[in-house]
Amino acid sequence: MTERVDTPEREPALDGDRDDVIAAVWARALGLESIDPDAGFFDLGATSATVLAVVQILRRRWPHLKVVHVFSHPTAARLAAFLGDA
């Protein structure tokens with residue numbers, strides 16, 4: 001029998017291109033290797049809990065990010081354009 005060893009998940013780096021950062025955080029939260037930046041977050045399988053987790057991580061770079069922003073900008077590309085680097 002093979003014993004499974006749980007290792008802590010590494011969070012994606014939050015520095016770098018904002019489009020890549022958001023896509024990486026979303027992919028990690030959804031358990032995907034990568035995502036299409038134009039795919040809807042909820043179409044990819046996100047739930048309310050996923051949104052909360054993603055916002056918590058992304059706030060480390062964009063402290064003004066709110067949950068409602070993910071709903072109003074539901075693709076990684078649109079959210080990145082909204083957030084800019086402010």
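All values reported here derive from a predicted model rather than from experimental measurement. Only this structure's heavy atoms are used, side chains among them; waters, hydrogens and symmetry mates stay out.
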Write down the atom of Ala27, the atom of Ser34, and the distance for their closest heavy-atom approach. CB-CA, 4.0 Å

Which pair of heavy atoms, one from Arg59 and one from Leu65, lies closest together, and at what distance? NE-O, 2.7 Å

Once you round to the nearest 0.5 Å, how far does CG of Asp19 lie from OG1 of Thr75? 9.5 Å

Residue pairs passing the ring-ring contact (aromatic ring centres under 6.0 Å, His included) test with at least one member in residues 36-60, sequence neighbours excluded, are Trp26-Phe41, Phe42-Phe71

Worked verdict on Leu58 versus Arg61 for side-chain contact (heavy atoms from CB on, under 4.5 Å): CA-CA 6 Å; Leu58 292 177; Arg61 177 164 171 182; over 6 Å; no

Between Gly45 and Leu30, the two heavy atoms sitting closest are C-CD2, 3.8 Å

Test of understanding: with ring pair (Phe, Tyr, Trp, His ring centres under 6.0 Å), list the residues that count as partners of Phe82, not counting sequence neighbours. His69, His73

Using atom types as modelled and distance alone, determine if a side-chain donor or acceptor of Arg78 lies under 3.5 Å from a backbone N or O of Gly40. no

Please collect all side chain to side chain donor-acceptor pair (under 3.5 Å) contacts where either partner lies in residues 36-49, sequence neighbours excluded, each pair once. Thr47-Thr50

Taking the side chain as every heavy atom from C-beta outward, state whether Leu79 and Trp62 have any pair of such atoms under 4.5 Å apart. no

Should Leu83 and Ile22 be marked as a side-chain contact (heavy atoms from CB on, under 4.5 Å) after you check the CA-CA gap, both sets of side-chain angles, and the distance that decides it? CA-CA 10 Å; Leu83 290 173; Ile22 293 168; 3.8 Å; yes

